[in-house]
Every structure is written in C-alpha cells, then in structure tokens.
Amino acid sequence: EDKVVQSPLSLVVHEGDTVTLNCSYEVTNFRSLLWYKQEKKAPTFLFMLTSSGIEKKSGRLSSILDKKELFSILNITATQTGDSAIYLCASRVRFGAGTRLTVKP
Amino acid sequence: KAGVTQTPRYLIKTRGQQVTLSCSPISGHRSVSWYQQTPGQGLQFLFEYFSETQRNKGNFPGRFSGRQFSNSRSEMNVSTLELGDSALYLCASRNRGLGDTQYFGPGTRLTVL
C-alpha cells in the first residue's frame, strides 16, 4: 500500500528561524511529489517535484526531492507569523498527516 | 478564473440521514477528487472522477458514493450517516494534462449528531 509519512507532526518556532519539514514516500509508479499549505480550509499548492524537476524555490520557500532515498524536504527561511499553517506532502492522492507549523512573534 | 466551489459550506445532520455535497471544478478541469479530512486521520482519499467515470477509489464503505456530470460538476453522497462521518469534505480539481497538481475548494463541514 502506498505510504506518505511526514515529520515532525508539529513544530513551534520563532520569527526569523529556519525550518525543515520532512516527507518520505513509498508509492508505486511514482510520478510526482507535491507540497501544499493549509491555513484555514482549502490546501493551496506550493510545489510539484518530479524526476525532471527535483528542486524548486519560491521566495523564502524551497524544496528538494531525493528519488533515490525516497524523501523530500520543504525549507522555510526567515519564518514569519504568516507561515503558520499545516504543510501537507502528497503523491497523487496519497497525503501525509501534515506538519503543523506555529511561528511565534 | 474562478476557483473550485463547494456547496453547502456547513451542514448538520443526524445519524441515519443521508447527505449530498456538490462541487464545481475550475473551468476546463475535468478531473474531480473528493477527500475526507479529520483531525485524527488527516486527508483521506475518497474517489476521483474523470469524464463522468470513477477512475480511482479509496478505502471507504459503500455508503460513500459519487458521480460526475457532463459539465464536470460532481456530487458526493453519504447514506446512513454515522457520528464518525463528521468531517471536512474537500473537493479538488485538476487538469490531467498538466500533472498531479490539485486545486482545492473551501470544503463542506459536515456535523453528524
């Protein structure tokens, strides 16, 4: 059965800190690994990583995919209170449990 | 372009009743997936529809069913509601030609009393 596992499940940091969120996966016929951010209701898309695009960056957020070791990380530098959210990792329709990030002023 | 819309946004039902939730995808997106989100289980995949056909199904009992119409709008039905069905139900649409990126609606919060 396909599995996506995220760690840690919860993280509390202060503004300005850098955080690393982890995602490991075991899926058949792997195509892509996606990261989403969920603040109130609907998850919103952050990054999609594939074998042809294993590193993505957008502002203070960046992500890499290690297809050999079957994991991905999401980095957030210089965190802000607005980064507080649940970060979800997914491969197709299989989602991890999410990492709840709280950024304190 | 308008986003994914879901109706109703909130619903309160009692055990044994049935419920129908609706989802309108982003224009041009023909794939619609449904998810159940609870604090303990996270996001659990229910099913995916494309071109009015169910293409993929998660591990949920037969009380959970869905359908898709020719305009890509989708409905999800839950019959004989149980307390454990209380959850946020999310719908997501995607353009299959552009990969696995899904765009989520705001969800329907279902409470079963």
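Chain identifiers are assigned alphabetically (A, B, ...) following the order of the sequence lines, protein sequences preceding nucleic acid strands; residue numbering begins at 1 within each chain.
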Would you say [Y] ends up clustered with [X] if hydrophobic residues are merged whenever their side chains have heavy atoms under 4.5 Å apart, either directly or through other cluster members?
X       : Y       : answer
B/Ile26 : B/Tyr35 : no
A/Trp35 : A/Ile76 : yes
B/Leu21 : B/Leu83 : yes
A/Leu21 : A/Ile73 : no
B/Val78 : B/Tyr49 : yes

(request) Among A/Gly96, A/Pro43, A/Ala97, A/Ser91, single out the residue with the greatest number of heavy-atom pairs under 4.5 Å to chain B. (result)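 Looking at each option in turn, the highest pair count goes to A/Pro43.
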(message) Is A/Phe47 in contact with chain B via its backbone, its side chain, both, or neither, using a 4.5 Å heavy-atom distance?
(response)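 For A/Phe47, neither part sits under 4.5 Å from chain B.
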(request) Answer with side chain, backbone, both or neither: which region of A/Ile86 has an atom nearer than 4.5 Å to a non-hydrogen atom of chain B? (result)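 The answer is neither part of A/Ile86.
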(request) Identify the two heavy atoms, one from B/Gly105 and one from A/Ala42, that lie closest to each other, and give their separation to 0.1 Å. (result)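 For B/Gly105 and A/Ala42, the tightest heavy-atom pair comes out as O-CB, 3.0 Å.
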(request) Measure from the ring center of A/Phe45 to the ring center of B/Phe104 and say whether it is less than 6.0 Å. (result)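 Ring centroids of A/Phe45 and B/Phe104 are no less than 6.0 Å from each other.
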Between [atom1] of [X] and [atom2] of [Y], what distance do you get to the nearest 0.5 Å?
X       : Y        : atom1 : atom2 : value
A/Gln38 : B/Leu88  : CD    : CG    : 7.0 Å
A/Met48 : B/Asp100 : CE    : CG    : 6.5 Å
A/Leu46 : B/Thr101 : CG    : OG1   : 10.5 Å

More than 12 heavy atoms from other groups under 6.0 Å of [atom1] on [X]:
X       : atom1 : answer
A/Lys57 : NZ    : yes
B/Arg73 : CZ    : yes
A/Lys3  : NZ    : no
B/Arg15 : CZ    : no

(message) Quick one, B/Tyr103 and A/Thr44 - any side-chain contact, counting heavy atoms below 4.5 Å?
(response)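 In short, these two side chains do not touch, never coming nearer than 4.5 Å.
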(message) Within the structure provided, determine whether B/Phe45 and A/Phe95 are in side-chain contact (heavy-atom separation under 4.5 Å).
(response)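 No - every pair of side-chain heavy atoms lies 4.5 Å or more apart.
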Could you tell me which portion of [X] (side chain, backbone, both or neither) has an atom closer than 4.5 angstrom to a non-hydrogen atom of chain A?
X        : result
B/Leu46  : neither
B/Leu90  : side chain
B/Gln102 : both

(request) Output the option from B/Gln6, B/Arg94, B/Gln37, B/Arg109 having the highest count of non-hydrogen pairs under 4.5 Å with chain A. (result)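 Heavy-atom pairs under 4.5 Å are most numerous for B/Gln37.
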